[in-house]
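Report on the structure given below.
Bear in mind the structure is a predicted one, so any value in this text is a computation, not a measurement.
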Amino acid sequence: SSALAISHCEVAAAINGPYCGGFIGHGITSSPTITNSIFSGSLTATSYSGAFVGWKESSSKITIKNCLSVPSSISGGTSSDFACTQNGGSVTATVTNCYYAGSFNEKKGTASDLTTMKGGKIARLLNGGDGTKESATSVWGQTIGTDAHPVYMTDNNANAVYCVTAGKAEVYGNANSIVPLTYNDILFDGTIIEKVTGYSCGSDKYTDSYTLAASDVTLSATYDIIHDMSKLTQKDATGNTYYQIANVNHYHWLTYDVN
């Protein structure tokens, strides 16, 4: 049907045949739209396979958006992460804000490794809708530490993924989970090197970890000065600035300045 629409559907079946597709085996003249769906099954093809569409003809206009391709296995034939279009001509498929893990001959979505799939960010990107925005609540959630990839949101947003932005780092977790805070950030303004020593939100201060509420949060970093070269300078008659390099700390500063 030209009006076919598939949404909020997961296929976890083992599919076999010449044209293997998780949702559509052979798109000939239809113009289906598939949104917010997952393929997590297996494909065994003798010709072409796609995690969502096995073979798409040029007269078929297929749109796939906010979807996830995480097949357990794919074998035989030419494979695609979402819709196989390797049969020549002006054959295309519109794939927007979709993510895959695995090895495919043809790729239309955004690649992710299994470690990243576990981390929570992709669930938020799927909710965001355009590949750049992140959102904690909508269709997709994930229990961090349990789910190997994003899944559908559960009742009361119980598996919503929230983000703690701490300095330059983003850490993801579920409500009431404890996330670690890192101290790798260095600030350098040309004369002073500062290192993160802690974080704060309002009057509350945090050192090693932060307990997530049911919302995103940005923590402000606090810094200690490591090296301050602002008082070890002098200018010559033409306005050039010179710095005193007299010890190991000064050389440390110099490496930041040069790099």
Of all heavy-atom pairs linking Glu170 and Lys121, the shortest is OE1-NZ, 4.1 Å
Of all the heavy-atom pairs spanning Glu10 and Ser40, show the shortest one and how long it is.
OE2-OG, 2.7 Å
Note: Ile24 and Ile34 closest approach over all heavy atoms is CD1-CD1, 4.4 Å
Assess the side chains of Thr116 and Asp113: does a donor N or O sit below 3.5 Å from an acceptor N or O?
yes
From CA spacing to verdict: side chain to side chain contact (heavy atoms under 4.5 Å, CB included), Val164, Tyr206
CA-CA 12 Å; Val164 178; Tyr206 307 93; over 6 Å; no
Kindly compute the distance separating NZ (Lys195) from OH (Tyr223), expressed to the nearest 0.5 Å.
12.0 Å
Kindly write out the residues that satisfy ring-ring contact (aromatic ring centres under 6.0 Å, His included) with Tyr100, not counting sequence neighbours, or none if the list is empty.
Phe104
Linking Ile, Leu, Val, Met, Phe, Trp and Tyr by side-chain heavy atoms under 4.5 Å, what else ends up with Val151?
none
Check the pair Val179 / Leu212 against side chain to side chain contact (heavy atoms under 4.5 Å, CB included), numbers first and verdict last.
CA-CA 7 Å; Val179 297; Leu212 271 163; 3.9 Å; yes
Polar side chain donor-acceptor pair, Ser79 to Asn105, under 3.5 angstrom:
yes
Set out, in order, the CA-CA distance, both residues' side-chain angles and the distance that settles side chain to side chain contact (heavy atoms under 4.5 Å, CB included) for Ile144 and Thr146, then state yes or no.
CA-CA 5 Å; Ile144 305 302; Thr146 299; over 6 Å; no
For Cys98, does its backbone N or O pair with a side-chain atom of Asn66 as donor and acceptor, under 3.5 Å?
no
Of the non-hydrogen atoms in Ala45 and Pro18, which two are nearest, and what is the gap between them?
CB-O, 4.0 Å
Strictly by modelled atom types, are Ser7 and Thr35 linked by a side-chain donor-acceptor pair under 3.5 Å?
yes
Using atom types as modelled and distance alone, determine if a side-chain donor or acceptor of Asp224 lies under 3.5 Å from a backbone N or O of Thr197.
no
Interatomic spacing from CD1 in Ile15 to CG in Leu43 - rounded to 0.5 Å
5.5 Å
Met153 side, atom CE; Leu126 side, atom CG - distance, nearest 0.5 Å:
10.5 Å
Centroid separation Phe52 to Phe82 less than 6.0 Å
yes
Asp147 backbone acceptor or donor facing Asn159 side chain under 3.5 Å
no
Polar contact flag, side-chain donor to acceptor under 3.5 angstrom, Asp81-Ser69
no
Measuring from Leu125:CG to Leu68:CG, what's the distance to the nearest 0.5 Å?
11.5 Å
With a 3.5 Å distance limit and no angle check, can you tell me whether Ser72 reaches the backbone of Gly41 through a side-chain donor-acceptor pair?
yes
Taking Asn97 for the side chain and Gly131 for the main chain, is one N or O donor matched with an acceptor at less than 3.5 Å?
yes
Take Val70 and Tyr99 through the test side chain to side chain contact (heavy atoms under 4.5 Å, CB included) and record every step on the way to the result.
CA-CA 8 Å; Val70 285; Tyr99 302 85; over 6 Å; no
Matching residue for Leu181 among Leu219, Asp208, Val196 - test: side chain to side chain contact (heavy atoms under 4.5 Å, CB included)
Leu219
Report the distance from atom NZ of Lys205 to atom OG of Ser200, rounding to the nearest 0.5 Å.
5.0 Å
Side chain of Ser37, backbone of Cys67: donor and acceptor closer than 3.5 Å?
no
Distance-only donor-acceptor pairs under 3.5 Å for side chains of residues 132-141, two or more places apart:
{"from": "Thr132", "atom 1": "OG1", "to": "Asp130", "atom 2": "OD1", "distance (Å)": "2.9"}
{"from": "Thr132", "atom 1": "OG1", "to": "Asp130", "atom 2": "OD2", "distance (Å)": "3.1"}
{"from": "Lys133", "atom 1": "NZ", "to": "Asp130", "atom 2": "OD2", "distance (Å)": "2.8"}
{"from": "Glu134", "atom 1": "OE1", "to": "Arg124", "atom 2": "NE", "distance (Å)": "2.7"}
{"from": "Glu134", "atom 1": "OE1", "to": "Arg124", "atom 2": "NH2", "distance (Å)": "3.4"}
{"from": "Glu134", "atom 1": "OE1", "to": "Tyr172", "atom 2": "OH", "distance (Å)": "3.2"}
{"from": "Glu134", "atom 1": "OE2", "to": "Tyr172", "atom 2": "OH", "distance (Å)": "3.2"}
{"from": "Ser135", "atom 1": "OG", "to": "Thr137", "atom 2": "O", "distance (Å)": "3.2"}
{"from": "Trp140", "atom 1": "NE1", "to": "Asn36", "atom 2": "OD1", "distance (Å)": "3.0"}

Please find the pair of heavy atoms, one from Glu106 and one from Cys84, that lie closest to each other, and give the distance.
OE1-CA, 3.2 Å
